[in-house]
Amino acid sequence: MIRDARVLQPEFVPRDIVHRTQEVNTLSNALEPVMEGNAGETAFLYGPSGTGKTCIAQFVAERLRENVIDINYQYVNCWEDYSRFKTLYRILEGIDRTLDIHRQSTPKDELLERLHAHEGAPYVIILDEVDQLEDKSVLYELYRTRGLTMVLIANQETELFASLNERLTSRLRTAIRIDFDRYSVEELVAILEDRVRWGLREDTVTDGQLELIADAAAGDARVGIEVLRVAARRATQQGLDTISDEVIETSVSEAKSEIRQRNVEKLIEEQRILYEIITEEQEIAPSDLYEQYRERAEEPKSDRMVRNYLQKMQRYNLIKATGENRGRTYVAL
DNA sequence: CCTCCACTGGAAGATCGGGAAG
DNA sequence: CTTCCCGATCTTCCAGTGGAGG
């Protein structure tokens, strides 16, 4: 059934983009000066998750690298590398192969100095989930770095700019802005068809079934591809030659819970205790939550730290805080 | 309406762990 | 070995906020 499992992985970047040609062209134009060895325009990619922002940024950057011999390119996920240090470290990794990766502590600001000292080929960096950056001033420092071209990815413009200071805001106002809307069912079907062509054997799934998947994914390609992956795996386990409607139906919820499970696995012990309490209670007031946590944890952290944990869990879309101040409750999703 | 106080989240400083320097 | 420096984590303190309950 499955011909090439990599094609069904979430991080897979296809050889051809079947939609979003407008967005691809706009981003290509922004990066055009890199072809002549100059810095490109700063580009902003906005849109909900699963609308192809990351995919298109990587696609355009990869294509650029194929056409220009002398170019450096690095993808940074600011969700994982959220601190100033980690971000700069990751960016340096893209140009400085001799950087001693075992060295945990470096003299203060040596990272930025090294980056500024770098002279040579144009450097294109993609900063994904840039709104997750703890210290946004690093963006200003990067903006000022010669020869550096930034592609910034975030969910919402207003949310991102709210966390930036004026100096940075006015600079970034001139950046090229590209909006990504949710995929329509037809577009999503086309994307899934493409994955099926490369990832699965022929005639294992009908167009009608892809429509079913696209419909359940509600414009989110990540969910759609995950459903396809789970369905193909299930059908294989059941010894089927083709994917049945029944398999798709059960795969939708399984795919969604697998996406959630992957996030739960990223939690540390303390956060998992909190997640457990909240899922048991469904909805809980802050003081009750703090109390129950103190009872269950072997060495409970302070309430302030618990609030930090809760914020992180909200970003993972595992829980939700409703209401403000006294009216606040935490709800399991 | 007003007051109270539970709750949030920023700021500053302490502590931890690991690596480098002496 | 000790001392210093770093980033990360955590605590302490606290100002600001707005819903609950008189």
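Below, chains carry the letters A, B, ... as their sequence lines are ordered, and counting in each starts from 1. Owing to the predicted nature of the structure, the values given are computational and were not obtained by experimental measurement. Note that these values count all heavy atoms, side chains included, but never hydrogens, waters or copies made by symmetry.
- Dashed line: the shortest gap from a side-chain N or O of A/Tyr309 to OP1 or OP2 of C/dC10 is under 4.0 Å.
- Phosphate proximity of C/dT12 to A/Ser302: absent, as no side-chain N or O sits under 4.0 Å from OP1 or OP2.
- Applying the 4.0 Å criterion to OP1 and OP2 of C/dA8, one finds that A/Tyr89 has every side-chain N and O outside that range.
- Positionally, the nearest nucleotide of DNA chain B for A/Arg326 lies more toward the 5' end than for the other of A/Gln314 and A/Arg326.
- As rounded to whole Å, 15 Å separates atom P of C/dC10 from atom CD of A/Gln311.
- If you check every strand for non-hydrogen atoms under 4.0 Å, A/Arg304 touches a base.
- Taking atom CD on A/Glu299 and atom P on C/dC10, their separation rounds to 11 Å, with Å as the unit.
- The phosphate of B/dT8 has OP1 or OP2 within less than 4.0 Å of a side-chain N or O from A/Tyr290.
- Using a 4.0 Å cut-off, no side-chain N or O of A/Arg307 falls inside it from OP1 or OP2 of B/dC7.
- For A/Lys136 and A/Tyr140, the positive end is not near the middle of the six-membered ring at less than 6.0 Å and at most 45° from its axis.
- Both tests hold for A/Arg173 against A/Phe161: distance to the six-membered ring centre under 6.0 Å, angle to the ring axis within 45°.
- Annotation: A/Trp198 is not in aromatic contact with A/Phe12 [ring centroid separation under 6.0 Å not met].
- When the P atom of C/dG7 is taken as reference, atom CD of A/Glu110 falls 11 Å away, rounded to whole Å.
- At whole-Å resolution of the value, CG in A/Asp288 and C1' in B/dA6 are 12 Å apart.
- Rounded to a whole Å, the CZ atom of A/Phe85 is 8 Å from the C1' atom of C/dC6.
- Between A/Tyr89 and A/Phe85, the angle of the ring planes lies from 30° to 60°, which puts this pair in the tilted group.
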